[in-house]
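Below, chain A is the first sequence line, B the second, and so on; all start at residue 1.
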Amino acid sequence: MINPVRVRFAPSPTGGLHLGGVRTVLFNYLFAKKHGGTFVLRIEDTDQTRFVEGAEAYIFDCLDWTGLTPDESPLRPGDYPPYRQSERKPMYRQYADQLIAQGNAYYAFDTSEELEAMRNNLKTPENPSPQYDHKTRKQMRNSLTLPEAEVEALINAGTPYVVRIKMPENETVHFHDLIRGDISHETNVVDDKVLLKSDGMPTYHLAVVVDDYLMNITHAFRGEEWLPSAPVHIMLYKYLGWEAEMPKWAHLPLILKPDGNGKLSKRDGDRLGFPVFAMDWADPKTGETTKGFKEIGFLPEAFINMLAMLGWSSGTEQEIFSLEQLEQLFSIERVNKGGAKFDYEKAKWFNQQHIQRADNSRLAILVKPFMEAAGIAIDDLSKLDQVIGMVKERCHLLGDFVQQAGFFFKAPEILDIDAIKGKWNEDKTKVMTEWVASLDNIAWEHDVLEQSLTDIAAAHNVKKGEVMMPLRVMLVGGKFGPGVFDIALFIGKEAIQARVKSSLAALA
RNA sequence: GCCGCGUUGGUCAAGGGGUUAAGACGCCUCCCUUUCACGGAGGAAUCACGGGUUCGAUUCCCGUACGUGGUACCA
């Protein structure tokens, strides 16, 4: 292999890490692993007005949780530092200068008011959003329209300016997308994007090209929303003389909201009751916390698996994969073109499937905090371990264990008494009272417990079946859970007696 | 508006000139289980539309519709 694969994920640290972001990380990571390459994390913090305290650390936390650890990052620099664009600021200017010298870019002095005025004046029903492009740049205040001496004077006087790319006229830009095939754009409809902002920072357009080139990135994967600006990036590679080193592109499909249409947003999650961020995100400005997949009870491997299947498939019937398997099987060509609606029900199914495959002892550690948050103390992890083995098949989220296993450790607070009340009678009260008393001197075995109940019921002309469900409700609180006698065995004589006694009182 | 991209059941999807158009989630029925769940057996449900090309199009081409993204000194 001539060029070792190098891919990058380049988030801007402005808030919670979205599902779609994690999927982009995942596809980058899998591609790197598949090809024995390097996965780079680069922080895109060129917009200083959007800086959010803690957002970068949060991204690292999310990557740690998912296990999608970058090989190179601001925390683990490789051979191409720095890994934050704000720290790379001095590197961009020379390329902007080069483009200006070549006539491929120009200075623009228009103030935001002037830009707004231009857009307002040129706005028509047919063209609601006029661009700063080959047609309009001739009417603006830039180094294309102003005399050279004036441009120089303005710059010397410290007048704020930006550098814009000068898009050529009447050209067609072609490129090959690994997922979508050949794509072309007419340069006439692409605007003269700002390359260098007035604060000296590059925009995404300049930064992504310069950084990818300087960092030897071989494959650039990003969301579909970048497709319209791809021609700008392609032109930049050409103008800078880097065409041979241009990474191969792949524009990933979007993750859509489950109902209606459009990109999935945090709002949709709030509205429909599911997380959108990988982990809890506490916004330092509003103080508000948004739930994450981790905290709602997802296993990281399930989260990853679910995301992989949202837009990619192996071509086989298999749907449950470990990260290691995905690393072997992934191919960017098998990623779908169309956007995928997010389905929370299926996401939970993936989690349920991975819960079944997970070690009980590991689950016990993860479930404990959920129990404790619900006021159920766990002082013996091995007991929780044992219980998890009994109930895991009915849990979709780690939090489900509270409902499904809490009663093993603590008497249920609410009893579904209505489920048994209607058909309750004195005889049954006698059966339960006698059985509970008999517990003091019988062998503590499943079958013995069951036989004892059968016999006592028979003595009062009650069928065992009539008393099984009531016993379950008394012990667990409702019509669910593993075998009643398995539960009875586990919680012990005193707990049984106490729960039956208080239930009988509620029935009376 | 303009430009780009997309479109296989409700959802995720396989397939890709001739197939009974896989599979999964969800839904429904039944079996298992003195509960629930798991598991098992079934069921309803799909190639956006119109033109070509072709002996034959879900598949290839062209339109249309619809959706979506972009149209910032945000990424």
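Relative to the six-membered ring of W349(A), K346(A) meets both conditions, a distance below 6.0 Å and an angle of at most 45° to the axis.
When heavy atoms are screened at a 4.0 angstrom cut-off, P128(A) is found touching base atoms of the nucleic acid. Residue R222(A) is classed as having no contact, given no heavy-atom separation below 4.0 Å to the nucleic acid.
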(request) Sugar-phosphate atoms are those with a prime plus P, OP1 and OP2; base atoms are the rest. Using that split, label each nucleotide of nucleotides 25-47 of chain B B, S or - for protein heavy atoms under 4.0 Å, 5' to 3'. (result) B--------BBBBS---------
(request) If a protein heavy atom is under 4.0 Å from the base, mark B; if only from the sugar-phosphate, S; if neither, -; do that for nucleotides 58-75 of chain B going 5' to 3'. (result) ---------SSBSBSBBB
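The 5' end of RNA chain B is approached more closely, in terms of each residue's nearest nucleotide, by G338(A) than by the other of L310(A) and G338(A).
At least one donor-acceptor pair under 3.5 Å links the side chain of R23(A) to the backbone N or O of L310(A).
With rounding to whole Å, D259(A) atom CG is found 13 Å from rC12(B) atom P. Look at CG on D182(A): it is 11 Å from P on rG6(B), rounded to the nearest Å. Spacing between atom CZ of F342(A) and atom P of rA13(B) amounts to 13 Å, rounded to whole angstrom units.
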(request) For RNA chain B, produce a single dot-bracket line, 5' to 3'. Pairs: Watson-Crick or G-U wobble, both distances under 3.5 Å. Symbols: ( ) within strand, [ ] crossing, | other strand, . unpaired. (result) (((((((..(((.....[....))).(((((.......)))))....(((((..]....))))))))))))....
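M432(A) pairs in a side chain to side chain contact (heavy atoms under 4.5 Å, CB included) with only one of the listed residues (V462(A), L471(A), L507(A), D427(A)), which is L471(A).
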